[in-house]
Chemist: 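Structure provided below as structure tokens; questions to follow.
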There are 2 protein chains.
Amino acid sequence: MNTAVSKPATHPAKVTIEVVAKRAGVSKGLVSFALNNRPGVAPETRVRILQVAKELGWKPSLRARSLSTQRSYALGLVIARNPDVLASDPFFPSFIAGVESILAPEGRALVLSVVPDAETELKTYRSLVADGRVDGVFLSDLRHGDPRIPLLAELGLPAVTLGRPDGASPFPAVTVDDTPGVIASVAHLATLGHRRIAHVAGSSTLLHGSRRRAAFAAAVREAGLPEGQTIETDFSVAAGSDATRRLLTQETPPTAIVYANDPMAIAGLGMAHELGVRVPDELSITGYDDIDICRYVYPPLTTVSAAPMVWGRAAASTLLALMENGSADDVDLPAARLVIRGSTAPPRG
Amino acid sequence: MNTAVSKPATHPAKVTIEVVAKRAGVSKGLVSFALNNRPGVAPETRVRILQVAKELGWKPSLRARSLSTQRSYALGLVIARNPDVLASDPFFPSFIAGVESILAPEGRALVLSVVPDAETELKTYRSLVADGRVDGVFLSDLRHGDPRIPLLAELGLPAVTLGRPDGASPFPAVTVDDTPGVIASVAHLATLGHRRIAHVAGSSTLLHGSRRRAAFAAAVREAGLPEGQTIETDFSVAAGSDATRRLLTQETPPTAIVYANDPMAIAGLGMAHELGVRVPDELSITGYDDIDICRYVYPPLTTVSAAPMVWGRAAASTLLALMENGSADDVDLPAARLVIRGSTAPPRG
DNA sequence: TAGCCTGTCTAAACCGGTTCAGTGTGGACC
DNA sequence: GGTCCACACTGAACCGGTTTAGACAGGCTA
């Protein structure tokens, strides 16, 4: 008996490179060549193959291609943060939106990992590589002597650092210099007449945390002011609030506070209100990031505007270029700049 | 600086299933069986194979496995939002942290896409499926008659909806009911003595936007109050601020405003300050989400606490169960509950 | 006319797993 | 002692691409 098995009519038989080749009357290999714009295919044959491929609606299987090329066509981002801090930080959503705007048209995907601590973070990089999930990664939140750099170098995984690391690095850096913004904040306050300016800093294990802190100290010296009081935090709003209370309940409190990020500045604003300290009359406040909400608190926040989406785009482009060419140049984006709003004013007589 | 990636100097000969098989003196197939806990392997053989695999440090290649099993061992999340709104919304970072806490131990990855509009969103789902990037997806920000549901059903991609969709859906829903929180907000305000309560709603094209709005209307009726004024927004802080101005500059402004999310409520707080309307003395305010910063603005915000991390965990578990068993039950998480803080008080006599 | 490229194309190996038909062995049963 | 079966295991096909060695035709040179 001849068994005529009827296919389940629903699925129109998967189109593979084999099918395209047969239909175009050539071999698999040639279809592959034509698709990848490789030399050695007669022009009219190439056209015919691509025409057939189009007719059949063939898209090469990413999985099969991955296996033979040993690449995944995806990039990775690992974020090691306390979920609370992460949630109030608007940097990553914007950064990711920027990254996506570059990756999507290239047919690449972004693999995201959010991990609780630095140890898990290293493990995550290891397994991303071991599983071949990604062809390259973004390195954010650089730390002093960042262990991720040697690790990735050892693993041979292309990477781009967000900002310049403090040690040697084989990877291109895409940088938004945050120093000028902090310096401008202090200069702005000094010009207004403030002499006791304090700083609520981020974590000094993070490079940008300590860099902003150093910039603050330098700017205060530069302005010929007495050394500014600095309190280190973990970037969380809770810590920002606490630090503000400590600063304002001293005998001679500062007349201005420079915060290392906007959420802490907003929390500081709240604490000032609570303590009956009027902003900006009795206390001037500056933030960092220029998140959307800064414009709408009262008084609107003077802050430093970075451009995380642009940063994301530049980082993605650089990483793709690195993977394509084996090398890529560092990119220096326009420095973050001060945006003056209502939360800063001359100190009260 | 121009940086090139240097490959790791030592290539310790890649360990494949072939190598393990040879070393253990069995065939590839048997190694595969042993690894996947399939029956038909003698107990001591299984032990020996696993032992050898461990010695050699063999990890099966995800890529090869993907090709033969036609699965990617990754899940997808597509977020269609204006980057500004996304940045100020703390939901996703927390949600993702929750999702990751389930996926990571399972060796699954999360593929994230951030797209600008609903049209691109559908295309993105199509290409995630076409490329076989993911085995399942999370559906957030449900809309009325959401086109993603039939699309994904047609594509045969497993999915989990965050909340119950309004139409028929073949997918399990993981829900945090937001209605009780809104009702509790209104009831709380009514109990305090407010009679003119307004609502700054989110986009009514989003299911949760219109559901919160309906809950608000119902609660106002329930409390025997005159119909509350409602202004629809796009969830952005700018819109929240504008809406607040419109409400407060009327002849008889409301004495309380219920906001559909926290960022808008905080912007509303700012606007009230700007207009010289004291909170909570002259105006009570409630938010929704209980983001970290609520506690630290002044006055601290009365809001509704959802638990996005828990939600993420539940959604991830459900999606994995769905993929494993072919079906999964709906999950109803504890309803979001009202957290009373300083931004609500009896209306000024 | 032979010899040698050059350009086009094919066949087959390869990536590294999974899966399935089938082989061989030993014990239970009759 | 022969039959049957369960179990353990092998070999090869398969997933769907990429890549390489080599076949073949035609034009050019010597």
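Lettering of chains follows the sequences in order, A, B, ..., and the numbering in each one begins at 1.
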Chemist: For the residue pair B:V137 and B:V134, what are the closest heavy atoms and their distance?
Modeler: CG1-CG2, 3.9 Å

Chemist: Taking DNA chain C as the partner, which of residues 52-75 of chain A come within under 4.0 angstrom of it by heavy atom?
Modeler: A:L67, A:S68, A:Q70

Chemist: Tell me every residue that passes salt bridge (charged side-chain N to carboxylate O under 4.0 Å, His left out) with A:R46, counting only those two or more places apart in sequence or in another chain.
Modeler: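 Not a single residue meets the salt bridge (charged side-chain N to carboxylate O under 4.0 Å, His left out) criterion with A:R46.
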
Chemist: Show me the pairs that pass salt bridge (charged side-chain N to carboxylate O under 4.0 Å, His left out) and involve residues 98-126 of chain A, at least two apart or across chains.
Modeler: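 For residues 98-126 of chain A: A:E121-A:R143, A:E121-A:R148.
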
Chemist: The criterion is side-chain contact (heavy atoms from CB on, under 4.5 Å); which residues satisfy it with A:F91, sequence neighbours excluded?
Modeler: A:D89, A:F95, A:L162, A:P308, A:W311

Chemist: Which residues in residues 34-49 of chain A have a heavy atom closer than 4.0 Å to any atom of DNA chain D?
Modeler: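 Here the set is A:N36, A:R38.
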
Chemist: Can you name the atoms? Protein N/O to nucleotides 23-26 of chain D N/O, anything below 3.5 Å, with the distance.
Modeler:
none

Chemist: When you measure from the side chain of B:R164 to the backbone of B:T175, do you find a donor-acceptor pair of N or O atoms at a distance under 3.5 Å?
Modeler: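 It does not hold such a pair.
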
Chemist: Under 4.0 Å from a heavy atom of chain B: give me the 5'-most and 3'-most nucleotides of DNA chain C that qualify.
Modeler: C:dG16 to C:dC20

Chemist: With sequence neighbours left out, what residues match B:L319 under side-chain contact (heavy atoms from CB on, under 4.5 Å)?
Modeler: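 side-chain contact (heavy atoms from CB on, under 4.5 Å) check on B:L319 returns B:L75, B:F138, B:P158, B:V160, B:L322, B:M323.
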
Chemist: Check whether more than 12 heavy atoms from other residues, nucleotides or ligands sit under 6.0 Å from atom CZ of A:R23, and answer yes or no.
Modeler: no

Chemist: Listed by chain and number, what are the side-chain contact (heavy atoms from CB on, under 4.5 Å) partners of B:R71, not counting sequence neighbours?
Modeler: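 Per chain and number, B:R71 pairs via side-chain contact (heavy atoms from CB on, under 4.5 Å) with B:T69, B:Y73, B:D135.
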
Chemist: Let me check the geometry of the helix from C:dT1-D:dA30 to C:dC30-D:dG1. What is the bend angle between the axes at its two ends, five pairs each, to 10°?
Modeler: 60°

Chemist: Please check if the side chain of B:D330 supplies one atom and the backbone of B:A173 the other of a donor-acceptor pair under 3.5 Å.
Modeler: yes

Chemist: Scan residues 22-30 of chain A against DNA chain D and write down, sorted by residue number, each residue with any heavy atom closer than 4.0 Å; if none is found, say none.
Modeler: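 Under 4.0 Å from DNA chain D: A:K28, A:G29.
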
Chemist: Who pairs with B:N36 by side-chain contact (heavy atoms from CB on, under 4.5 Å), at least two apart in sequence or on another chain?
Modeler: B:S32, B:R38, B:R65

Chemist: Using a cut-off of 6.0 Å, state whether more than 12 heavy atoms not belonging to B:D329 lie near its atom CG.
Modeler: no

